[in-house]
Each structure stands twice: as C-alpha cells, then as structure tokens.
A.B. asks: 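Have a look at this one before I ask anything.
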Amino acid sequence: MPGLINRHTRTKIPLQGIRVSSCVNGQSLATTSALTYYNDEDHVVEGFFVLPLDEASSLVGFEAHLQTRNITIQLKDKTDIDHFNEHLGGGSQTYLVQGKFTLSETEEQTIFCANIGTIRPFGSVTLLLSLVSELQTNVEGGVVVKYPCVLTPRLQTDFRTNSTKDSDYQSVLNDDFQEILQSDENIIPEQTFKKLSEIANETPYNPMEYNFEFQLEVKAPTLLAGVWSSSHSIRVDADPFAKDASSVFVTLAEAHPMDRDLEITVFRRNISEPVVILEHGNMRPEEYEVFVKSENEFIREAELGDENERNVSYIKNRLHKDIMHIPVIMLNYFPNYDDFKKKLQRDEYEVPGEFVFVVNRSSSMCGDTIANTRESLLLCIKSLPFSCRFNVVGFGSTCKTAFEQSRPYTQDNVKEASNHIRTIRADLGGNNPDLHTALSWVFEHPVARGWPRQVFVITDGGISNSGQTIELIKANCNNTRVHVIGVGYRSSTLHLETMASVGRGTAVMINKEDRMHKKVLHSFHFQSLVYD
C-alpha cells in the first residue's frame with residue numbers, strides 16, 4: 001500500500017502523525033506535508049516510500065530526516081536507478097533479486113518511489129513532501145481540492161494480524177522456491193511479493209491512530225461564494241470586511257475520522273469571468289538578463305551574428321529551464337454554456353454525435369450500485385439528442401453490447417436499448433473486469449464523419465490492465481473523448497482520473513452519499529455540448 005513500507009517484506013511501517021499545509025491560488029494547489037513514521041520492530045528495517053501521482057500533480061521536493069542523517073531527492077535517469085527492474089516480456093519466468101520491484105513504462109510516470117535506507121529499532125523517520133497540482137473544476141464551477149490518499153490512510157486496528165512481519169518473512173516463501181532461494185543467491189520469484197504497481201494502487205491503511213493537522217489557505221482576487229467539503233466538517237476563517245479572498249483559511253472543525261480521503265470544494269463568485277494570476281520569479285529582469293548572458297551557450301550564439309533574432313530564439317528555447325527565475329501568468333476561465341444551451345433549445349438545433357456508454361458489470365458492482373447505474377443509464381438514454389447515434393457496452397471478464405454497432409436515435413432503437421438496460425446485472429465476471437477489451441471493441445468501429453464520438457465509462461474502479469487501458473485511450477484520443485464516472489468508495493481515483501485526462505474528458509467521482517442520478521445527468525448534459 002502507498003506510504004512507507006518495509007522494502008523486503010512489503011509490509012506497512014506505522015504512521016505516527018501528519019501535518020499538511022497547502023495553498024490554493026486559482027486553479028493551482030501547493031501542498032507541503034510532514035509525515036512521521038515509527039519502526040515498531042525490535043530490529044533494523046529498510047524503508048521504501050511509495051507515492052502514487054496523477055497526471056495533474058508533480059512532486060517538487062522530498063526530504064527524509066532520520067536520527068543520524070538527512071536524505072534529499074535527486075533527479076536521475078532511470079538507467080542509473082538500481083532499486084527496481086523493468087518488467088521483461090516473454091514467456092519465461094522472470095525472477096527478481098530480493099528487495100527489487102517491477103514497474104512498467106506507464107506506471108513509472110505516475111509512481112514516485114524512494115529508498116529511505118535503514119531505520120533503527122523503535123526509531124522514527126520524518127518525510128517532507130512538496131507537491132504542486134493543477135486543480136479540476138466540477139460541473140457547478142467549484143474548484144475541487146483532493147489530497148493524495150497517502151496523506152489520509154484508513155485506520156485498521158487488526159492490520160498487523162493480516163500482514164507479514166519480518167519474523168514471518170521466511171514462512172511467506174513458497175516451499176517450491178526454497179531450493180531456488182538457496183541455490184541462486186537469494187533469487188525470489190516475482191509473484192512471491194506484491195509488485196510496486198499493486199502497492200501503489202491499494203488503499204493505504206495504518207495499524208494505529210495517528211495525529212492529523214491540516215490547514216488550507218485560499219487566495220483569490222475576488223470574494224468566494226463558499227467553501228464546502230463532502231468528506232469532513234470544516235471551519236473557514238476570513239475577514240468579514242475583506243474585498244477579496246486573499247486571507248481565507250480552512251481547518252478541520254472535528255478530528256479526522258481516519259476512514260476517508262479529504263476533499264474540499266472552493267466556489268468563486270462570477271466563475272465565468274476570466275482571472276489572471278501573476279507569479280513573480282526569483283530574479284528581477286536585470287538580474288535575469290545578466291544570468292542569461294553569462295551562460296556559455298548564449299556567448300557562442302552571440303558570436304554567430306543576428307544578435308536580436310538569436311537572443312529571442314535562445315530565450316524561448318530555455319524558458320522551461322528558467323521557469324523559477326521569470327514571471328509566469330496563469331489564466332483561469334470557466335466557460336458558461338447556459339446561454340449556448342438555451343440558444344440551441346430555442347432554435348431547436350441539435351449537434352450530431354455518437355454516445356457510447358461502457359458499464360462495469362462485474363460482481364463488484366452488485367447491489368445498489370448496479371441498480372442506480374441502470375436508472376441513471378435509462379435517464380441518459382432518454383436525454384440524448386435526436387440527431388445522434390448511441391450504444392451500450394457492458395464489460396466484466398467478457399463483454400456484452402446492446403447493438404452490434406452504434407445505431408441512430410429512433411423510437412424503436414431507444415425501446416430496444418431500454419429493455420436491454422433493464423436486464424443489466426453484475427453478472428459478467430469477477431472483481432477485475434477487462435475494460436481494455438471493451439474499449440478495444442469500441443475503437444475498432446471507425447468514427448462516422450460529422451458524428452464526433454464520446455465514451456462514458458461507468459465503473460467502481462476495479463479494472464485489470466490499467467496501464468494498457470490508459471495507453472489505448474491515449475492512442476485514440478484524437479477521434480474519441482473518454483469521460484469516466486467512478487461510483488462507490490472502491491473507485492480508484494488515480495487511474496480513473498488518468499484515463500479521463502489522457503482521453504481529453506472529465507472524471508466524476510460519486511460516493512454513496514451523493515445522488516448518482518443527478519451527478520451522472522449533470523455530467524452527461526455538460527459534456528454533450530463539448531465538441532472539437
């Protein structure tokens with residue numbers, strides 16, 4: 001599971017306390033966190049930190065403070081890193097040296113890992129993380145602030161009874177591999193321990209209660225319409241006579257229950273008005289000019305003549321390197337489609353398109369989840385524009401479709417699709433459904449000219465081959481938008497949001513307390529207006 005783990009046994013090292021300090025500025029979030037872990041073993045353990053990251057977040061700072069040393073992050077080429085092996089293809093068994101991990105090319109872009117080294121018996125280590133994120137906007141125009149799950153692990157008091165301690169390390173090994181272990185210098189089969197990707201995708205748990213301190217600062221050039229949390233009781237402190245939201249602080253009104261992620265939504269007044277935010281660099285213009293002219297590459301370029309043109313070209317090519325030295329402008333704008341939608345309705349004009357609903361029908365969707373999905377699908381089908389084509393695809397370990405291909409929106413086709421939806425059950429396989437095969441079937445059918453295609457994936461997040469699925473969506477993003485609707489607490493937010501991001505769509509997460517019908521319809525109506 002994410003967080004600090006024992007590198008050799010993949011077991012969790014207990015968390016003692018977390019301190020989170022963050023700041024929202026427009027659509028960006030800066031978070032600084034201090035996590036203190038405690039080695040409750042009577043012997044030395046080797047710590048390994050695992051942090052899953054979505055495509056909108058970046059880790060910009062990492063430090064580890066131990067009793068005898070400090071560790072800071074260094075960026076290196078992956079060929080120079082010896083703490084994990086690339087997963088090799090082929091039919092033969094792949095063996096890994098003890099303490100090493102497998103990581104695919106897709107996964108290494110969304111998982112940060114660091115070897116902390118040895119931790120003394122009953123000793124502690126404090127990790128300092130600095131993250132920056134681009135925030136998403138929900139359908140109501142609110143800026144959604146979601147914190148990584150590693151900062152809010154669930155409390156599980158019987159955790160140690162279900163995990164493997166170092167004293168039980170040898171007993172975990174299968175007897176069939178003991179001969180290999182003795183004869184091949186501690187070579188252990190890959191499946192003996194969890195892969196790094198599996199660890200990163202798990203829900204983090206902690207075996208004991210931990211201290212949780214939280215503060216969020218909100219900066220905005222205009223007053224806020226409200227601050228709301230769907231997960232926690234919060235307290236908002238602000239100057240009642242302020243003319244802007246430059247000094248708004250959010251804290252928890254009650255203790256963190258340690259059984260959910262932390263999510264806060266910030267609503268700004270007049271969300272459709274553009275807002276420009278200026279971030280100054282750490283150099284004044286004259287200082288930056290001296291800095292650039294002192295570079296050897298600039299001196300060589302200047303000797304070639306055409307000074308002005310070469311100077312401009314040189315500076316453009318190095319802007320990404322000097323991002324911290326120069327001012328940066330960020331434009332935040334939330335388009336208002338209400339007037340456009342009213343105009344379409346008034347003129348009785350409909351934009352043609354193809355809508356494909358891909359629904360998880362594995363056993364993990366049983367109960368109220370699949371029942372609410374059926375009702376939401378029926379409402380969506382009846383809300384489709386007349387000038388469209390549509391289809392419904394169910395997936396699990398197998399796939400089942402309403403039509404052999406998307407059909408025009410006619411009364412007979414709507415009736416047939418509605419009858420099919422009423423028969424939908426969680427009856428297509430186990431807990432790891434194959435979304436990759438379902439999307440491959442959709443993408444095999446070419447997009448009709450003048451009928452832009454949008455795919456709506458409804459799932460609880462339990463899917464297999466997530467890396468291959470993301471690559472498939474990315475390969476087809478030029479002709480198909482993919483939107484993702486995650487239902488239930490089981491939904492893997494990281495993978496679902498990544499799929500929506502690479503598919504140029506949106507991701508909506510629906511918890512049990514939310515009204516699924518309302519959020520699905522709102523998301524569907526909003527996205528049905530968006531075309532290239």
Side-chain angles (χ1 to χ4, degrees), residues 20-31 56-57 131-147 152 214-254 256 260-279 329-343 483 485-486 493 497 500 505-511 513-530:
V20 179
S21 178
S22 54
C23 178
V24 171
N25 191 0
Q27 299 289 130
S28 63
L29 172 69
T31 303
S57 300
L131 294 162
V132 292
S133 307
E134 179 185 357
L135 300 177
Q136 301 296 319
T137 305
N138 62 17
V139 292
E140 290 87 9
V143 178
V144 181
V145 182
K146 293 182 179 179
Y147 291 90
T152 54
F214 170 78
Q215 178 178 281
L216 169 65
E217 181 182 3
V218 181
K219 293 183 179 180
T222 60
L223 292 175
L224 300 180
V227 180
W228 177 74
S229 175
S230 61
S231 60
H232 292 70
S233 298
I234 60 175
R235 173 181 174 179
V236 182
D237 296 315
D239 184 356
F241 302 104
K243 296 181 180 180
D244 55 29
S246 59
S247 58
V248 177
F249 294 90
V250 182
T251 55
L252 297 185
E254 299 177 356
H256 173 50
R260 67 198 65 176
D261 294 334
L262 176 58
E263 179 177 327
I264 295 175
T265 306
V266 179
F267 295 92
R268 182 171 59 86
R269 288 188 180 180
N270 304 321
I271 59 176
S272 297
E273 293 183 359
V275 173
V276 176
I277 299 174
L278 172 64
E279 286 285 345
I329 292 178
M330 178 172 60
L331 173 64
N332 298 154
Y333 176 60
F334 184 80
N336 185 357
Y337 292 102
D338 290 341
D339 295 338
F340 176 64
K341 186 176 180 179
K342 291 178 181 178
K343 184 178 184 301
H483 311 281
I485 300 174
T493 304
E497 290 181 345
T506 59
V508 177
M509 302 300 153
I510 304 175
N511 294 328
E513 292 81 3
D514 298 327
R515 296 180 60 186
M516 182 175 179
H517 307 156
K518 179 180 179 181
K519 295 193 74 171
V520 170
L521 276 177
H522 201 161
S523 175
F524 170 69
H525 285 155
F526 178 78
Q527 296 303 332
S528 62
L529 297 173
V530 179

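Just so it is clear, the values below take in all heavy atoms, side chains as well, and ignore hydrogens, waters and symmetry mates.
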A.B. asks: For the residue pair Ile277 and Lys219, establish whether any side-chain heavy-atom pair is separated by less than 4.5 Å.
C.D. replies: no
A.B. asks: Are the side chains of Thr152 and Tyr147 in touch, meaning some heavy atoms are under 4.5 Å apart?
C.D. replies: no
A.B. asks: Report yes if some heavy atom in the side chain of Glu273 is under 4.5 Å from a heavy atom in the side chain of Thr222; otherwise report no.
C.D. replies: no
A.B. asks: For atom CD of Glu134, decide whether the heavy atoms of other residues, nucleotides or ligands shown that lie under 6.0 angstrom number more than 12.
C.D. replies: no
A.B. asks: Would you say Val266 and Val250 make side-chain contact, with heavy atoms under 4.5 Å?
C.D. replies: no
A.B. asks: Is the shortest heavy-atom distance from the side chain of Ile234 to the side chain of Thr251 under 4.5 Å?
C.D. replies: no
A.B. asks: If we ignore angles and hydrogens, is there a donor and acceptor under 3.5 Å between the side chains of Thr31 and Ser22?
C.D. replies: no
A.B. asks: Glu263 side chain to Lys146 main-chain N or O, any donor-acceptor pair under 3.5 Å?
C.D. replies: no
A.B. asks: From Ser231 OG over to Leu252 CG, what is the distance, rounded to the nearest 0.5 angstrom?
C.D. replies: 8.5 Å
A.B. asks: Supply the atom-to-atom distance Phe249 CZ to Asp239 CG, rounded to the nearest 0.5 angstrom.
C.D. replies: 11.5 Å
A.B. asks: Return the orientation label for the His232 and His256 ring planes: parallel under 30°, perpendicular over 60°, tilted otherwise.
C.D. replies: parallel
A.B. asks: Any non-hydrogen side-chain atom of Leu29 less than 4.5 Å from a side-chain atom of Leu216?
C.D. replies: yes
A.B. asks: Might you confirm whether atom CD of Gln136 has over 12 heavy atoms from other residues, nucleotides or ligands at distances under 6.0 Å?
C.D. replies: no
A.B. asks: Which pair of non-hydrogen atoms, one from Gly26 and one from Val143, has the smallest distance, and what is that distance?
C.D. replies: O-CG1, 4.1 Å
A.B. asks: Okay, side chain of Ser133, backbone of Leu135: is any donor-acceptor separation there less than 3.5 Å?
C.D. replies: no
A.B. asks: Is it true that atom CD of Gln215 has more than 12 heavy atoms of other residues, nucleotides or ligands lying nearer than 6.0 Å?
C.D. replies: yes
A.B. asks: Looking only at heavy atoms, which two atoms of Leu224 and Ala220 are closest? And how far apart?
C.D. replies: CD2-CB, 4.1 Å
A.B. asks: Is the closest side-chain heavy-atom distance between Thr265 and Ser230 below 4.5 Å?
C.D. replies: no
A.B. asks: Where do Leu331 and Pro274 come nearest, in terms of heavy atoms and distance?
C.D. replies: CD1-CB, 3.9 Å
